[in-house]
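Read the structure below first, then the notes.
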Protein chains: 2
Amino acid sequence: MAEKGPEEVASLALERFVPYRLSVLANTVSRSIADEYAQRFGLTVPEWRTLAVLGRFAPLTASGVCARTAMDKVRVSRAVARLTSAGLLRRRTDAEDRRRVMLEMSGAGREVYRQIVPLALAREAELLAALSATEVKQLDCLIEKLQARVDSRTRVRTG
Amino acid sequence: MAEKGPEEVASLALERFVPYRLSVLANTVSRSIADEYAQRFGLTVPEWRTLAVLGRFAPLTASGVCARTAMDKVRVSRAVARLTSAGLLRRRTDAEDRRRVMLEMSGAGREVYRQIVPLALAREAELLAALSATEVKQLDCLIEKLQARVDSRTRVRTG
DNA sequence: TTGAATTAGTTTCACTTGAAACTAACATGG
DNA sequence: CCATGTTAGTTTCAAGTGAAACTAATTCAA
């Protein structure tokens, strides 16, 4: 990309480097949303993600949560432990296979979920308000393609 | 976005949720590059970022590194400490203001930099190979707009 | 059967992280 | 001057993290 003479050392403009920019953007976004989850609901990101997938796919096993949240089993295990002791989740050992723990939200969990979903959607909308409808579609498409790219490179680590 | 009847609770498809997707993408990308830096050079991401900005703007103070890497002063302080003890950086107390530490790469640091820059650029190119030239420009533009959006919302924390 | 291999989930441990407290040096108003 | 405030950078401490080790349950092969 950058031209360089015979004696010149290649240099790199960090502020133009896509991996860096993606990382900064994603962290800024995550951080600001995470702060709000923490303040209003006392939830961390792994906890919120766990609720999010249980809101759509309950009951799920812990590994089902892993598969749908891109979190490893250690994070899921801890998120589930905290949510359970906070009374937001119910755990039930599967009778079919007693290694498995079936997870679903309690009434209190559903109540938190009911409140947090519109908030999450509003934050997303607020972010995407920086873009036109066309750009939002472009973004969707670009993320999809880039993720497919890195997935094909990186061996998928299913905890 | 999602339709819902009077009794239905709003739900959220995590796999379509932009903040989540951005986070997963950025982390996958960062992780795969970080693994390579670690294997080949024994460098962490904060260390590499520090070298990257010193490669273009040396000499810099620690807070200059902060400003150009979006890292807080604690991270920079530690990255600088490790790089210095690895012999890749030279620290010199500024005579003008003895609180300040002027940083620049040592010969060994420049050698590592010289090797790591092409590798970083190659990894970026490999990622962007998933996209057409037009899409690369779109990506650039979208990241810019989204970052500007979150910067205007989030108070900038200059350590 | 039964013993080896596999799978689900938890715990341990060494490491990273960042807010807050801290140290040292500079600036400024009285 | 000197006391008060501010700035540069470091250290502390209480979390979060994930690889590896672990426990317990299931499957599979001989």
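Just the heavy atoms: all of them, side chains too, but no hydrogens, waters or symmetry mates, feed the values below. The chains referred to below are lettered A, B, ... by the order of the sequence lines, with proteins before strands, and numbering in each begins at 1. These figures come from a predicted structure and were not determined experimentally.
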Inset, instruction - Could you tell me whether the side chain of A/Tyr113 reaches within less than 4.5 Å of the side chain of B/Ser11, counting heavy atoms only? - result: yes

Inset, instruction - May I ask you to evaluate whether B/Arg82 reaches the phosphate of C/dC15, defined as a side-chain N or O under 4.0 Å from OP1 or OP2? - result: no

Inset, instruction - Would you mind checking if A/Arg149 and B/Glu126 are paired as a salt bridge, meaning a charged N to carboxylate O distance below 4.0 Å? - result: no

Legend entry - N or O in side chain of B/Ser77 less than 4.0 angstrom from D/dG9 OP1/OP2: no

Legend entry - 4.5 Å side-chain heavy-atom contact, A/Val80 and A/Val65: no

Inset, instruction - Could you tell me whether A/Arg40 atom CZ has more than 12 heavy atoms of other residues or ligands within 6.0 Å of it? - result: no

Inset, instruction - Examine the base of C/dT17 for any acceptor or donor lying under 3.5 Å from a partner atom in the side chain of B/Arg75, and report the outcome as yes or no. - result: no

Legend entry - Side chains of A/Leu89 and A/Leu54 in contact at under 4.5 Å (non-hydrogen atoms): yes

Inset, instruction - To the nearest Å, give me how far apart CZ (B/Arg100) and C1' (C/dA25) are. - result: 11 Å

Inset, instruction - Select one nucleotide: of D/dG9, C/dG9, C/dA19, the one nearest the side-chain heavy atoms of A/Thr61. - result: C/dG9

Legend entry - Given C/dA8, D/dG18, D/dT10, the nucleotide with the shortest approach to the side chain of B/Arg31: D/dG18

Legend entry - Side chains of A/Leu88 and A/Arg82 in contact at under 4.5 Å (non-hydrogen atoms): no

Inset, instruction - Round to a whole Å and report the spacing from CG of A/Leu89 to P of C/dG9. - result: 13 Å

Inset, instruction - Look at B/Arg123 together with B/Glu36 and state whether they make a salt bridge at an N to O cut-off of under 4.0 Å. - result: yes

Inset, instruction - Would you indicate what A/Val76 reaches in the nucleic acid, counting non-hydrogen atoms under 4.0 angstrom: base, sugar-phosphate, or nothing? - result: nothing

Inset, instruction - May I ask you to evaluate whether B/Arg91 reaches the phosphate of D/dG9, defined as a side-chain N or O under 4.0 Å from OP1 or OP2? - result: no

Inset, instruction - For B/Thr44, answer base if it contacts any base atom (sugar-phosphate contacts may also be present), sugar-phosphate if it contacts only those atoms, and nothing otherwise; contact means non-hydrogen atoms under 4.0 Å. - result: nothing

Inset, instruction - Give the nucleotide from the list D/dT26, C/dG9, D/dA20 with an atom nearest to the side chain of A/Asp97. - result: D/dT26

Legend entry - Candidate nucleotides C/dA8, D/dG16, D/dA8, ranked by approach to the side chain of A/Arg99 - the nearest: C/dA8

Inset, instruction - For B/Arg78, answer base if it contacts any base atom (sugar-phosphate contacts may also be present), sugar-phosphate if it contacts only those atoms, and nothing otherwise; contact means non-hydrogen atoms under 4.0 Å. - result: base

Legend entry - Terminal axes of the helix from C/dT1-D/dA30 to C/dG30-D/dC1 (five pairs each): angle between them, nearest 10 degrees: 0°

Inset, instruction - Tell me whether the OP1 or OP2 atom of D/dA25 has a side-chain N or O from A/Arg98 closer than 4.0 Å. - result: yes

Legend entry - Closest to side chain of A/Ser63, choosing from C/dA8, C/dT17, D/dG16: C/dA8

